[in-house]
Structure formats: structure tokens, C-alpha cells
Amino acid sequence: MFAAPETYKHDLPTFHSQISMPYTLTPGRAAGTFLAEMPNRRIVGSRFPGGMVIAPAQDFSPVDGEEPEALVQVPESGVLTAFTRVGGVVIGLIRLDGCANEFPHRILADLDVLSVGQRVAAQWSDGDEGTSITAIKGFVLAPEAPEGKVTDLADPAEPLGVIDYSMSLDFEHAYGPYYGRMFDEIREHGRIIGIRTSNGEDALLPPREVDDITHKRTGTWKACGNTGTIRGCSIINMEILGQSRKPPYVYAEIVLDGASTRMIHVIEIDDLESAKEKIRPGTRVRAIWTDGERQGRVSDIDRFEVIED
Amino acid sequence: MGREVGIVGVGQTHHSRRRTDVSQAGLVREAVNRALADAKLSMDEIDTVVVATGPVLFAAVNQPEKWVVDAIGAQGKSVVRVTSGGGAGFAGALAGYYQVAGGYSERTLVVAYDKLSEGQLQYSISTLYDPFWGREFAVGIMGFSAAYWRARMDVLGHTEEAAAMVSVKNRKNSIANPYAHVKKEVTVEDVLNSKPLCWPIKLLDVPPISDGAAAIVLANDKVAHHSTTRPAWIRGIAYCCEADNAPERSLMLSEPLAIAAKRVYRAAGITNPRRQFDVVELQEPYSCFELNYYESLGLCPPGEAAELVASGATQLDGDIPVNPSGGCMGANPIGAVGVIRLIEGATQVMGRNESHQIKGAKTALVQSGGGWANLRGCAVLSA
């Protein structure tokens, strides 16, 4: 709504954040069987009513959503239908003999000898890749490979129910002029500044360009206090991923003196019962800043402490 | 407004803590097949599809609708995905409603699901917080929900006992729900003595974590009769939002829900909700929310929710039964819950609820919500 002036620097430092989590994914019966058969060096496909075969095996037809009538063993040979190179690795689309679809895998050949329509064959990994699709190391050119046939799948392995997986995502968020100004102040001077509402003296935290209530441009900057009042709080007594400290501790939504909006922070406690009595909406608290070097983050405040009467 | 919109077919999975026999797509298919069969329709007769799920971080598949399309045979149709946290299913139903009411579709399938066994629920929700301002100290949805409840406790009298009564009521009701997977009766003492997780929230104030999907078929008044002689007509539906951290934001009544209720009640001709509704289905992830919604929806004045639940009025045999299905306490596949609540409300007014049919139910109120209490909606259904 209000753009930064054109003289504003564009190559400013960013705020790093990471989201990192473990997962237990469920592949379903068909894909689960395909993966379970990888150590047995068999490629499993799905045969649908009408005879169409899809590999790797899928629970549902990509044509009409029908369920397969049988899981089948498909040949290890096929045709290269597309290819590219990504990060030094050649990736191709392969249509296995007797199958109606293509799937991506590594091509174990240089880009300059490849052409669409070439015959290829699977090369199995020498190592133990477990139930990963990388048990197929990749596909090699196989001009002499005969046309393979789809056959029944004898004694299929039990499908995998769960696959362990993890994801770790790194982000570099741009602060923008308002957050940037606030975090600069946190880092340089160890104090929190907000921005006045369009028509009042109380500060909005975090600062923003537009007042949420009046929808007018916010006012001037203002330093907020190092003390504040709890609006809401709960006593965290369970462990979850991403916690900054061991439970029990208090999660609190605090309005700093001079501000009108809340900030989220924590208060350390000795035990549950005394915290119930001592820490409640209305309790006065003080920010305790970190002893270390300030980074320009909310966690430069290590914690809040109750102000004893 | 254009055409009248009715729910003409419903289907949900038998929810469970963990389904290892099906993928996300397989789960969706089960619910869709049931809803289509219920509506006596095939996928060919569906014009548009809305897929609703919670945040993708719940199960690590981005844009899962592309995967779901294969599983439900929706190739070539208009397919959009809607996501809105815990209110995803409800927001999906609203999107479907707009398509049919606006005349762009005669029949729309809305399917909503989450497969929560696959990921880290609370941490995924922590990532909804502003990365600069709050995420470092976020404790999923439970930390802040408990903090809001704590604030309401002092001002509105939402005591631990009152919330425990909600949990006791809903857990008892879910025993008869064929789709629920937590079916165990508890007492108020059990709830009060259960382990504090984010006090005042204790273990038995908390719904299960579930894998599940739910689907509804919406049809306009021209074609609804092909599916059923008694559709559940949507008399009003709204889903409203408040600012995330605005200066005047109260932690007390849910303002967006009160705004949504005002709009929906006006559309549906509701002037006395307590008297006019025969049955209510609320999304109460954490028992304390149900107390908040009694007040925000005008079932009782602010500050009287504890009294309302203690009076027994919201029990099965009360004058305003709330969550005869057991609500979230029986099953809580988050993204699907908005649609599950609509299904439970719809089947009540269609006269064929499978858990606890409220005798002669003609008008139902359904509520759902997402975000951090800042996205809230409701709908009125009637036969």
C-alpha cells in the first residue's frame, strides 16, 4: 500500500528461519508394494480393467480413477521419452515395456549420446538401498534389450505401511522497513519500539504501515517499556518439536507498557501449582534480555519474569 | 442470491488414529465414493470439485489436489483446493456453495481431509505464526488456546469444571457415532485429574489426532430431487475473519463468529437461536472452545456458558443439544472437521443421523473455524 522510497536499499540482510520436521508417510497398497519389492529387484506395476498397466504401481488409474484389478511385475526395459540434466545428473522419463505411463529416474549416460526413443534398461544398485526406489540405480542405454512382457506378480511382498521421511526448509525472510527498523533497534539498543496508531498514543507491535482499525497510515515511532502485563497465559507441560526450552514453563501473551497489542514470550517457573497462583492475566512482568550478543530477534529477550510486589 | 443450495449426499471415512492401509488419496476416495453413492450420482454428474485440507506441512505433500484428482476420477473437471487451517472443510463448503448458488455449477463435490498421523501436528501449527514475531516461542495451537481460555476463565467464568462437562458430554455422545474412533466414557473428575498439557488444557480436554476424510454433494434446487426427497438446504453460511493482532482484539467473545452468526441468522430468519435451533454441531478442538461458541453464537448471553452446560440443556435430551455426534472428541481429522460437522447437521435435518437422531429436528446450526480463533464461520441448515 505504501511503497518504500526508490532510494531504499534493496540488498538488506534477511531473517533466517528453518522449518524442519520428521514425517511418517503412508504410500497405500500399490506404491507400498512397489517399494516393498525393491529389495527383491522386482518392478511392480498396476493393471487396470481394460488391460492398461501403470508402473510404478498406483492405487488409482490416472485416466479414470478406477482401482487396479491386479498388481503385476513389469519388465526392466523400456524407452526413453524425455531427458534433461539437473545439477550434473541426467534425469529422464522412461516408459517401461507394456506400460502406458512414463516415470522419472536417473539416466546413467551422458547427455550428448541420448535421444528420445532409445531403448533403456534398469541397472540395480550394488549397495543396499532398502525399500527405496533408488534400489534401481538408474537406467542405462540398452539398444539390444528385447521387448519385455508384463507378467503376474508371484507372492508379492507385504506393502509398506509407513515410510519415514523428513523435510527441512530454509527461508530468508525480508524484514521490510517496519520490522527492519524494530529489529535494528532491538539489536543495537536492546529496546522494543512500536509505531503509534493513526489516532492515538498507544504503539502497535509489531509495527506496521496501516492501522488495522482505522485503515489509515500509522503514526510515529515510540519506545515501549521493558515491562508489561499478561493478557493470556498457559502452563506448557508437554514436549513438542520446536520448543525453546524444557517444560514446564509459561507461554504468555504480554502487552508491553506503551503498546496496545500482544507479544508472545515465555516465563520460567519452578512448578505447576505455584505458577497457577502467581502467573495469571493481569500479572506484571519484566523482560530479561540475553547476556549474549543480540541478534535482532524476539529471542534477544531471553524470557520474562514476574515483577514481585 | 441466485439458486437455493442443498446438501444432497454425504460420506465420511471411519476415522482412526492412523490408517496405514491407504494413502492420502485413498482416504479421500473412500469419502467421495460414499458421498456419491449417497447422492445416487456418479462422478460424471458432478460439475466442479473443491478439495479442502489443512496446512500442507501436516503431511508434507504440497498441492495434494493433483494427487487426489486421480483417485476420485476428477480429471478434466474444475478442481480447486481451499485451505484455512481447522476451518478448511468449512471454507471448502463455502466455496462450493458460492459456485452452486451463483449458478456456475449444478452439482459440486466438496471433499475435505487430513492425515494427521503422518506429521508433527503442533509444530506444523507453530509455523503459522509470524516468523519474526512469535514463532520462536509458539506452542502450536494448544499453547494459545489455553492462554485464551485462561483469560476467559476470570472474566466469563469458563471454569475447568464447565469445560470438563463439555468433554464428558461429547465423549459420551461419540460412543454411538459409527465414524468416531475414541469411544470412552469419562467423568468430570477424570477430566479434571487428567495430565495438564497446556494448563488449563488437560489431556481429556483434548480431542484425538485422526486420519479421516469427509465429502458432501451440493446441488441446486433444480437438480437436488434426483438425489433425495429431503435435502438439507443451506439457509445461510458465512466465514469471517478478524485481524491477527489488532489493538482492539478481544480474547473473549469470538468476534468473527458473532459477525458470521449475525449475517447467517438474518439470512435464515433466526431471531431466537436457543429456541429456533433443534440441534447444534460445533467444532470444539479443546473443550473450552465449546463454551466460547455458546456465547459467540448467542445460545446464551456472555458469561453464562458454564451455567448452560451445567443445566444439561446441551445434552442429548436438553432443549438445545450440542454435538450429538460427539464433536471433535470422537475424531478430529482437522481439515475434514468443517465438513464432518456439516454432515452431522445435515443428516439431523434429513432425519437420518447415524449417531443420535434428534427427534423431529428441522433446523440445525453448524459452526467451524480455523486460524487462531480469528477465522470463524457458521451455517444454518433446514429440511
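Here is how names work: the chains are called A, B, and so on, in the same order as the sequence lines, proteins then strands, and each is numbered from 1.
- For a residue to count as touching a neighbouring chain, one of its non-hydrogen atoms must lie under 4.5 Å from one of that chain's; by this rule A:Ile301 touches chain B with the backbone only.
- At a 4.5 Å heavy-atom cutoff, the contact between A:Val63 and chain B is made by backbone atoms alone.
- Heavy-atom pairs under 4.5 Å with chain B peak, among A:Arg231, A:Gln58, A:Arg245, at A:Arg231.
- Side-chain atoms of A:Ser234 come within 3.5 Å of backbone atoms of B:Gly143 as a donor-acceptor pair (strictly under, hydrogens ignored).
- Listed for the B:Arg150 side chain is no donor-acceptor partner under 3.5 Å among the backbone atoms of A:Ile235.
- The parts of A:Met263 that come within reach of chain B are both its backbone and its side chain, each placing non-hydrogen atoms under 4.5 angstrom from that chain.
- Heavy-atom distances place no part of A:Ile163 under 4.5 Å from chain B, backbone and side chain included.
- For chain B, the nearby parts of A:Tyr175 are the backbone and the side chain; heavy atoms of each come within less than 4.5 Å.
- Contacts with chain B (heavy atom to heavy atom, under 4.5 Å) involve these residues of residues 18-26 of chain A, listed by number: A:Gln18, A:Ile19, A:Ser20, A:Met21, A:Pro22, A:Tyr23, A:Thr24, A:Leu25, A:Thr26.
- At most 12 non-hydrogen atoms from other residues, nucleotides or ligands lie less than 6.0 angstrom from CD of A:Glu158.
- Heavy-atom proximity under 4.5 angstrom to chain A picks out nothing from residues 42-50 of chain B.
- A:Ser61 touches chain B through its backbone: at least one of N, CA, C or O sits under 4.5 Å from a heavy atom, while the side chain does not.
- Between A:Phe15 and B:Phe132, the two ring planes are tilted [angle within 30° to 60°].
- At a 4.5 Å heavy-atom cutoff, the contact between A:Leu241 and chain B is made by backbone and side-chain atoms alike.
- A donor-acceptor distance shorter than 3.5 angstrom exists from the side chain of A:Asn237 to the backbone of B:Pro196, with no hydrogens or angles considered.
- In this structure, chain B has a heavy atom under 4.5 Å from the side chain of A:Leu169, while its backbone stays farther away.
- If you measure heavy-atom distances from A:Ile236 to chain B, the contacts under 4.5 Å come from both the backbone and the side chain.
- Ranked by non-hydrogen atom pairs under 4.5 Å with chain A, the options B:Ile201, B:Leu57, B:Val22 are led by B:Leu57.
- Contact of A:Glu239 with chain B is not made at all, since no heavy-atom distance falls under 4.5 Å.
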